[in-house]
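Hydrogens, waters and symmetry mates are skipped; everything else that's a heavy atom, side chains included, is used. Lettering of chains follows the sequences in order, A, B, ..., and the numbering in each one begins at 1. Quantities reported herein were computed from a predicted structural model and do not represent experimental measurements.
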Amino acid sequence: QDYTMGISNTVQGNGWREEMICAMKAQAADSGMVESLNIAHRNTDAAGQLEDLRNLIEAGVDAIVLNPASPDALNSAIEEAAERDIVVVAVDQGVGAEAAYVVSNNQEEYGYIGAKWLFEELGGSGDVVYMRGAAGAAADDDRNAGFQRALEEHPDINVVHEVFTGWQQDQGKQQILDFISTGIPFDGVWTSGIDNVIVDAFLESGTPLVPIVGADNAGFVQQLATVDGLVGAAVTNPGSIGGAGVAVALDILEGNPPEDRIVLVQPEIWANNTEEGMANIEAAQNPNLDPEWPVSVTIPGFTTYTMEEIIACNGPGES
Amino acid sequence: MIRVLRNQAWVLGLVGLLFALALVTKAIQPTYSASGFESLARAALPFAFATAGMAVAILVGGIDLSVASMMAVASVTAAVLMEGAGVGTSIGVVFLVLGIGLAMGAINGALIVVTKVPDIVVTLAMLYVWEGVALLILNAPGGQVAPWLQQLIRGSVLPWVPNALILAVVGVAIVWVPIRRSKLGLAIYAVGSDPLAAYRSGVNIAGTRIAAYAICGLFSAMGGLTLAMSTGIGEPIPGPYLLAAVAAAVLGGVVLGGGIGGLVGPLLAVLILRLVRQDLTLASVDPNVTTIVEGTIMVGVVMLGGILALRSRRS
Amino acid sequence: MTPQPVLDASGVAKRFGAVTALSDAALTVHAGEVVALMGANGAGKSTFVKILTGALKRDAGTVRIDGTDSTISSPAAARRAGIVPVYQEPALIPDLTVRDNLRLGDTPVDPFLHWTRELGIESLDLSETAGRLPLATLRILDLARALAAEPKVLMLDEMTAALPTNLVERVLKTVRYQADNGIAVIYISHRFTEIAQLCDRASVLRDGHTVGDVPIEPGVEDRIVEMMLGTALTSSEPAPRGAEARPAGKPRLRARGLAAGTALEDVSFDLHPGEVLGVVALEGQGQDELFDILAGFRPADRGTLEVDGAPRRFRHPADAIAAGLTYVPGDRAHALLAGRSVRENIALPLTARMGRWGPIGMRAEAEKVAAAIERLQIDTRAQGEVQRLSGGNQQKVTIGRWLAKGVETLLLFDPTRGIDVRTKGQIYPLVRELADQGAAVLFYTSELEEVRRACDRAVVIFKGRVVEVIEAAEATDERLMRAAYGLQTSEGAA
Amino acid sequence: MSALARIGRFLGDNPVIPLLILLALLVGVLEFMRPGILNERWIGNTVKFAIPLAMLAACQTFTMYTGGIDLSAGVVATVSAFVMATLVPVVGTGPAILLALIPALLIGLVNGIGVAFANVHPLIMSLGTGLIGTGCLQVYQRFVIATGSEVPPFLTWLGTGVTWGFPNSLLIFVPFAALLIYAQSRTGFGRALYAIGSNKEAARLSGVRAWQVYLLLYTLSGLVAGIAGLLYVGLIRAPSLSLVNPLLLPSVAAAVIGGTSIFGGRGSYAGTIVGALILRVLDTLLTLMRMPEGMRVLLFGLIILVVTAIYVRLTDR
Ligand SMILES: Nc1ncnc2c1ncn2[C@@H]1O[C@H](COP(=O)(O)OP(=O)(O)OP(=O)(O)O)[C@@H](O)[C@H]1O
Ligand SMILES: Nc1ncnc2c1ncn2[C@@H]1O[C@H](COP(=O)(O)OP(=O)(O)OP(=O)(O)O)[C@@H](O)[C@H]1O
Ligand SMILES: [Mg+2]
Ligand SMILES: [Mg+2]
């Protein structure tokens, strides 16, 4: 089968998203069923994504896999696609449109399990720094819901600083250094994935480390394995979900849709002070990987490509 | 006649370019149809208004960096107030939002006049202020725009004459044509060209600048509304409209520094930029290369224009 | 009983930061009267006009119009009250067409056109962009616009400074006629011939305060000068050198058959080291193009130019400068860095060229600049930004910058525009001194007497051709004017 | 002259002083809000973060002197940082740094060519080359996903290190700033920049060949942006495809807050440096406040406006 497939993504220049795109390409190439990928990959807003989706529809693709900029803003284009029998799969975050399949990381759960681990690590009481993502972003909102749920369950935990990093390394580092400078003590840090620079900041400023929750980014995972005195946990948030989305889209085109329209990929938590977690960390560690790339480059059960294939980042017909 | 050609040479060049791009599109996608054009027009809508607003601010000799933030305020206000509202209410909300846009722009202008701080600094500060306001109204994407409004920008009255295009042209024209013809329009150009001479010619400089920024705010509100109309919701984070608007205004022949240009050129430039985007997707160009191509086209067109202008001046 | 004055100002004061522009200025005008407002560069004349017309707020003083205290707070309000100025700087909006400019100021078109014709502009295209018109035309349009507003009081601030003689005549005639019909006129100029011809009375400003008021009568000039300067003027202007006294050798500049565009047809002349060669022409006879070519602004369409015997073709002013040609343009708006300091402006040519991008010798620069300022007596009270200087002082800066550099061949395009008597009396000897040191000077002037006061001989250009070459000693106004109007056709070039 | 007028004149002639006063005021507010924050560590951090910003803002300041702007500076800095970090494992530190500066120079040169020879407005030119640079970087990164990246210890030392309480990056920045401040007013090149921005025609008349100035200016701007990128990656230690991009708008802000005009002919790099510090202090101030994000963003804008409004009042002659 020679399908053409459209990809739409609205954040460029971010390691997670780059991995997602490479996973999509690798999965499409590995499946052998995709003739060409038509990728719209740029920095834009929901309206820009609507434009890209319509252009992909106009280009006549068989399926579209998108990482939605917003859960509800894209419904009109998704419905237009459905009217033309184009399969639509949203990855990473859900969309409201009925016509679409969703293969998503469970962001609320992401926020919840990391926070829960941290609060329990602190023995249920203490002061934490809460370093969120970007204000106004849907994923941040979902994670915040999870974080707040965990907070309710631990009434003696106190958030001393709450700040938006904008998912930017430099901003996060500057903020944590400011917090350290104020001299107001805190016992733990929850981050929304801007993690390795936080550890760096502690080390550079000679401040004693506190437990830190981050994502499974290569840089942070390596720190979890190697930095003396660092207690921390990585919550998985695989960028390779993009590959899963492509796999699901192909299944649907082949007439084997998944049972549920919504497939939630549950995050795992790898704490470096548990044996199981440490084993996961050691296994996943890959010092050659771009530090911004999540180490979980495959999603068993969905993706079929190899590590080499995703790193080569070649789509169908490319070499 | 020759003078008209001379003055409009840039706009005519843009028309030619648009035409050439249309041919390219047809070549890439032989099945390109009215629906492709319709989605092009819809995509161009918020850019068109943002660019029109920016163009007016540049014409009066300033620049408005807060355009995208004002659009965000307009879009969240509309989405929040319209959620679950009836047709009557939503019509009211539309006018309210336009009024808010006018007010935001007027505040920008008044601050520039009163504080004597350069335009770019004031509007840079207001970029943050209006973004903050938008976030305070809605801290995550949400709300709901009245369905009839969402419907308004879809479809076409005639094939190849999409509603969105009509809305853009009518929206800009309804505001700008009467102003351009009035003393205010002249005053805007005069202040942009030479504020001292304008003052000595009896122009109310402060009033003119405030008015121009208010118009910019009004266009931004229209842009924000169309943004909400196309997505159906309100988004507090400003989209990528600021630099795009400056680029389209300048591509469209509006001279930074003020006094020279119009709104037709910038609107054509918006269509051209959107069509380039569409062509790149239709041609399935590698996404990394698309960025390069977009940049090259932007630079290339202006370079070509610049070189041609230099040539013609020499001969 | 004397009739009530139309305008009566007294005790007017104005400060700009540390600069006191006006301390105690007074002025009275009656209907039908032309009053000359006199004063050296920087005395405060323009500031006074701006205050009277609401363009600036006064710090102190009273202004009465028709006997009642005036509340004029903007140029628009002044216009409504019948007080209409022509400012020292052109006031049309450069990017608007002439027609839109009229619409902007609510000027009726027909009277405006009437006045432009009256003032000697025969054909005017209303849809031309104002910025494309030559300076002289812009000045005339400013005046026509003012007249079309049917003023009660007309204020003209050095509006003739950039005009060629024929247009000046028209302006004077028109203004006199208007005064005779009951308009009150305040007239600012540094040219005594115009004052004598037009004005009834002179009110003199010195350092921001009014020092006196004298009726214009024969011989009053010296008194006015004394009032303006506080001392009598003793000038020792060198006489022009006759043909026999001039060096005969190789010319520094040899122009042959220069032509450009439609205005410049065929101009040839030789300019020798040590010589000051005047250029006389009415507006638009090709002199602008000629100087543009010599200064490297535009290439000639035809013809050749030799500098010290070597043929040259300039592509950029830097080429002309490298060939030793130095240009002082007529329109200072094109020459000055408005927002920069006097020092930077004067030092610009010193620092401008490639190869001079390295460190600046600040001491040496300061000395040169100070020497130029001293030499031209530039009023540097507001030296932080050249645009804050008075018009005449700005003009001095454009000349001063080339003094600091040192010159071989000097191209002066109406350099004394808006410069007061005293400084003029210093510039002519200066030009002569430069020539004596071996410089060659080409001196376009719109003031015919400058041919006699500063030049050795003059070429007269008409319709883009040299129609006559006249020795300075024989250059009477009448002879120059006849030639400039093309009335005499003895073939020119040397 | 009254004492007040004299003070006014003094401030007018030395516009950096009122800016410094405003900076001190902001720091005062911060210390009042969070007593004890004014410690060596915080000052060090603030300076460390302000330095790359001030360097990037140098690109804006100097191009603004001529009436231009360099919107590619953020991308250029990112490109050189990313290219350097990914080349270190392959070719070693020294060559990696040199190679990384090549694209920076190239992009700057292209900007210069467009501005000088095709009369393109620098805003459009640099916006376009910025896009091109981003695209090229994206293409490049596909080839280096597996090579990993490394920030050389030397740059880390420069970026994050502190010696006797002073950030090591001052070692680069102090001479850099001194050179720029010297160059802007006391070299022919600096004067030519102001001259072009103030009145291009007059500059030409005096023999300035604008194209030469533009070429050198934009190429240098690219180089400075590249160096700023290297310094920044030494500070953040996380090379990413968008590392320095968020600094673009602040770099423009630092220049304009510092009193430089985008329409040319006016400004000073000293003002820009203080502008960068003000922005950084503001960042801290707002980071430490507990309030809704919208309020924080709003306050950020308002404070910038108030500060510049006071500044304009103080220096108005
Ligand atoms: N905006 C300003 N800021 C500072 N000083 C100023 C300003 N405008 C005028 N001045 C100063 O006020 C004084 C008077 O200037 P004004 O222009 O009135 O002189 P003027 O008599 O018209 O001279 P000129 O014959 O040269 O035109 C000058 O010293 C000038 O530098
Ligand atoms: N701005 C100028 N105006 C008039 N003549 C100039 C100007 N600049 C240079 N010249 C003349 O042009 C010729 C060549 O200039 P150039 O700068 O090479 O000579 P210079 O004064 O000896 O300087 P240097 O040797 O330091 O470069 C010299 O004769 C010089 O006097
Ligand atoms: Mg004057
Ligand atoms: Mg030499």
>> Quick check for you: to the nearest 0.5 Å, what is the distance between B:M298 atom CE and D:L131 atom CG?
In response: 5.5 Å

>> Pair B:K116, D:T308 - check side chain to side chain contact (heavy atoms under 4.5 Å, CB included), show working.
In response: CA-CA 9 Å; B:K116 297 194 185 138; D:T308 40; over 6 Å; no

> Can you list the steps and then say if D:Q138 with B:T291 is a side chain to side chain contact (heavy atoms under 4.5 Å, CB included)?
Replying inline: CA-CA 9 Å; D:Q138 297 266 337; B:T291 319; 5.6 Å; no

>> Would D:L123 and B:V246 count as a side chain to side chain contact (heavy atoms under 4.5 Å, CB included) here? Give the steps.
In response: CA-CA 9 Å; D:L123 191 144; B:V246 179; 3.2 Å; yes

>> Using every non-hydrogen atom in the two residues, find where B:A247 and D:I124 come nearest and quote the distance to one decimal.
In response: CA-CD1, 3.5 Å

>> Any non-hydrogen side-chain atom of D:P292 less than 4.5 Å from a side-chain atom of B:L135?
In response: no

> Under a 4.5 Å heavy-atom cut-off, does chain B meet the side chain of D:L302, its backbone, both or neither?
Replying inline: both

> For B:D119, is it the side chain, the backbone, both or neither that has a heavy atom under 4.5 Å from a heavy atom of chain D?
Replying inline: neither

> Is B:I292 close to D:C136 at the side-chain level, that is, under 4.5 Å between some pair of heavy atoms?
Replying inline: yes

>> Taking side chain as everything from C-beta outward and backbone as N, CA, C, O, which of these in B:L127 sits under 4.5 Å from a heavy atom of chain D? Side chain, backbone, both or neither.
In response: side chain

>> So for D:L305, is it side chain, backbone, both, or neither that comes closer than 4.5 Å to the heavy atoms of chain B?
In response: both

>> Out of D:G67, D:G128, D:G133, return the one with the most heavy atom pairs under 4.5 angstrom to chain B.
In response: D:G128

>> Please classify the contact between B:L111 and chain D as side chain, backbone, both or neither, with a heavy-atom cut-off of under 4.5 Å.
In response: side chain

> So which part of B:M303 gets closer than 4.5 Å to some heavy atom of chain D, the side chain, the backbone, both or neither?
Replying inline: both

>> Does any backbone or side-chain atom of D:L137 lie under 4.5 Å from a heavy atom of chain B? Answer side chain, backbone, both or neither.
In response: neither

> Say you draw a straight line from CD1 of D:I304 to CG of B:L124; how long is it, rounded to the nearest 0.5 Å?
Replying inline: 5.5 Å

> If you count heavy-atom pairs under 4.5 Å with chain D, which of B:V133, B:N139, B:L136 comes out on top?
Replying inline: B:L136

>> B:Y128 vs D:L249, test: side chain to side chain contact (heavy atoms under 4.5 Å, CB included). Steps then yes/no.
In response: CA-CA 11 Å; B:Y128 293 105; D:L249 206 54; 4.1 Å; yes

> What is the minimum heavy-atom distance between D:V312 and B:T115, and which atoms define it?
Replying inline: CG1-O, 3.9 Å

> For the candidates D:V256, D:L298, D:V306, which exhibits the highest count of non-hydrogen atom pairs separated by less than 4.5 Å from chain B?
Replying inline: D:L298

> Which answer fits B:I120, side chain, backbone, both or neither, if we ask what part of it has an atom under 4.5 Å from a heavy atom of chain D?
Replying inline: side chain

> If you count heavy-atom pairs under 4.5 Å between each of D:V139, D:V115, D:I303 and chain B, which one has the most?
Replying inline: D:V139

>> Under 4.5 Å from any heavy atom of chain D, what part of B:V114 do you find: side chain, backbone, both or neither?
In response: backbone

>> Nearest 0.5 angstrom please: B:E131 CD to D:E293 CD, how far?
In response: 8.5 Å

